[in-house]
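Because the structure is predicted, anything quoted here is derived from the model rather than measured.
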Amino acid sequence: MQAHVEITDVSTIADRVKQARKYRNLTQAQLAKAAGVSQGAIGNLESGTREKPRELLNLALALGVNINWLANEKGPMLLGESNIAPTPIGSRSIALIDYVQAGAWAAATSGGIAAEASDWLLTDLALSDGAFALEIKGDSMLPDFQPGDRVIIDPAVEPHPGDFVVAKNGEHEATFKKYRPRGVNAQGKPVVELVPLNHDHPSLRSDTSPFVIIGTMVEHRKYRKYRPPY
């Protein structure tokens with residue numbers, strides 16, 4: 001049974017976790033068990049000791065609340081409260097991160113970066129725990145990928161010729177390109193080319209500009225752009 005909870009200040013994650021827990025009429029111990037964390041972790045979170053919990057997705061699922069609201073105070077607390085809320089297309093939440101965060105994804109603990117996600121995508125795909133989402137920027141992948149489109153990337157999926165991948169070539173930011181094997185070099189090592197779909201942008205070759213493949217695209221979401229009436 002849901003408890004009546006007066007709406008108070010929910011400007012921090014600690015405030016929002018506490019309010020959602022009371023709304024669901026759960027004790028800290030009950031929430032900890034449902035989220036798969038220790039009761040001490042819940043206590044530290046609600047006291048503000050832990051500002052960026054890695055278990056944010058588990059907490060949202062255990063509390064039955066909107067992950068965007070819990071992480072960033074965006075949207076309604078409960079999914080479906082608004083008549084303009086997007087229709088869920090799955091039960092798995094994927095963190096939408098930026099290209100700098102994607103460049104650090106392979107070297108950092110994914111949960112820590114995910115806690116700073118700007119948004120979340122729902123999917124019904126069976127993906128690895130390290131999956132993340134990116135929003136396309138720039139025109140290097142036109143015409144197939146428009147700025148504002150979103151792609152879901154899974155580091156556990158090995159790329160095949162013609163797949164689209166996210167890679168890092170020594171810079172802080174990652175890049176999104178088409179994966180194209182180019183045989184082997186004189187030392188017998190495989191050579192891979194990362195190709196933009198827009199020919200006005202240069203390709204990258206692993207034998208001249210070494211890079212690291214972070215993950216392979218497993219889903220592409222296109223969004224209709226607003227066009228003003230004529």
Side-chain angles (χ1 to χ4, degrees), residues 13 52-61 65-76 79-80 82 84-160 162-169 171-179 194 196-198 211-226:
I13 291 179
K52 297 177 180 178
R54 296 176 180 175
E55 309 88 353
L56 204 60
L57 176 58
N58 289 346
L59 288 170
L61 293 174
V65 298
N66 182 354
I67 183 66
N68 291 333
W69 175 84
L70 190 62
N72 304 304
E73 199 182 358
K74 294 181 179 179
L79 291 173
S82 170
I84 59 172
T87 302
I89 59 172
S91 58
R92 168 78 184 276
S93 295
I94 304 296
L96 178 68
I97 63 176
D98 61 34
Y99 284 75
V100 174
Q101 292 170 320
W105 192 264
T109 301
S110 59
I113 297 177
E116 302 177 354
S118 61
D119 203 348
W120 298 78
L121 302 185
L122 290 173
T123 184
D124 57 1
L125 296 178
L127 305 177
S128 73
D129 292 340
F132 61 91
L134 284 178
E135 185 169 300
I136 300 299
K137 64 178 184 179
D139 62 355
S140 67
M141 296 300 283
L142 292 175
D144 290 9
F145 297 87
Q146 300 284 335
D149 286 358
R150 292 176 174 182
V151 292
I152 296 179
I153 307 298
D154 194 339
V157 175
E158 290 292 330
H160 295 285
D163 282 347
F164 296 96
V165 299
V166 170
K168 181 182 178 183
N169 67 339
E171 301 297 329
H172 293 298
E173 290 195 14
T175 186
F176 178 69
K177 296 290 186 289
K178 187 174 184 178
Y179 178 85
L194 298 182
L197 300 184
N198 183 345
F211 51 78
V212 175
I213 302 294
I214 296 174
T216 304
M217 186 191 79
V218 293
E219 185 175 342
H220 174 203
R221 297 188 184 179
K222 297 184 178 183
Y223 298 89
R224 177 178 173 84
K225 305 303 185 292
Y226 171 74

Inter-residue atom distance [X].[atom1] - [Y].[atom2], 0.5 Å rounding:
{"X": "Asn58", "Y": "Ser93", "atom1": "CG", "atom2": "OG", "value": "10.5 Å"}
{"X": "Lys178", "Y": "Met141", "atom1": "NZ", "atom2": "CE", "value": "8.0 Å"}
{"X": "Leu96", "Y": "Phe132", "atom1": "CG", "atom2": "CZ", "value": "10.5 Å"}
{"X": "Ile136", "Y": "Leu142", "atom1": "CD1", "atom2": "CG", "value": "10.0 Å"}
{"X": "Asn68", "Y": "Leu122", "atom1": "CG", "atom2": "CG", "value": "8.5 Å"}

Query raised in the report: Are side-chain N/O atoms of Ser128 and Asp154 paired as donor and acceptor at under 3.5 Å?
Result: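 There is such a pair between these side chains.
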Query raised in the report: Step by step, would you call Phe176 with Phe164 a side chain to side chain contact (heavy atoms under 4.5 Å, CB included)?
Result: CA-CA 7 Å; Phe176 178 69; Phe164 296 96; 3.6 Å; yes
Report summary line: Only residue of Val151, Leu125, Ile153 satisfying side-chain contact (heavy atoms from CB on, under 4.5 Å) with Val218 is Leu125
If you take all heavy atoms of [X] and [Y], which pair is closest and at what distance?
{"X": "Ala102", "Y": "Leu134", "result": "CB-CD2, 3.9 Å"}
{"X": "Pro196", "Y": "Leu194", "result": "CD-O, 3.9 Å"}
{"X": "Ile13", "Y": "Leu70", "result": "CG1-O, 3.7 Å"}
{"X": "Thr123", "Y": "Glu219", "result": "OG1-OE1, 3.2 Å"}
{"X": "Ala133", "Y": "Ile94", "result": "N-CG2, 3.6 Å"}
{"X": "Glu173", "Y": "Lys168", "result": "O-CG, 4.3 Å"}

Query raised in the report: Between the main-chain N or O of Trp69 and the side-chain N or O of Asn72, is there a donor-acceptor pair closer than 3.5 Å?
Result: no
Query raised in the report: Would a distance-only check, ignoring hydrogens and angles, find a side-chain to backbone donor-acceptor pair under 3.5 Å from Asp98 to Val100?
Result: yes
Requested in this report: Give me the one residue out of Lys222, His220, Arg221 that meets side-chain hydrogen bond (donor to acceptor under 3.5 Å, both in side chains) with Asp149.
Outcome: His220
Quick one: are [X] and [Y] in side-chain contact, heavy atoms under 4.5 Å?
{"X": "Leu197", "Y": "Phe145", "answer": "yes"}
{"X": "Lys177", "Y": "Ser140", "answer": "yes"}
{"X": "Val165", "Y": "Ile214", "answer": "no"}
{"X": "Tyr179", "Y": "Ile213", "answer": "yes"}

Query raised in the report: Passes salt bridge (Lys or Arg N to Asp or Glu O under 4.0 Å), Asp119 versus Arg150? Steps please.
Result: CA-CA 11 Å; Asp119 203 348; Arg150 292 176 174 182; 3.5 Å; yes
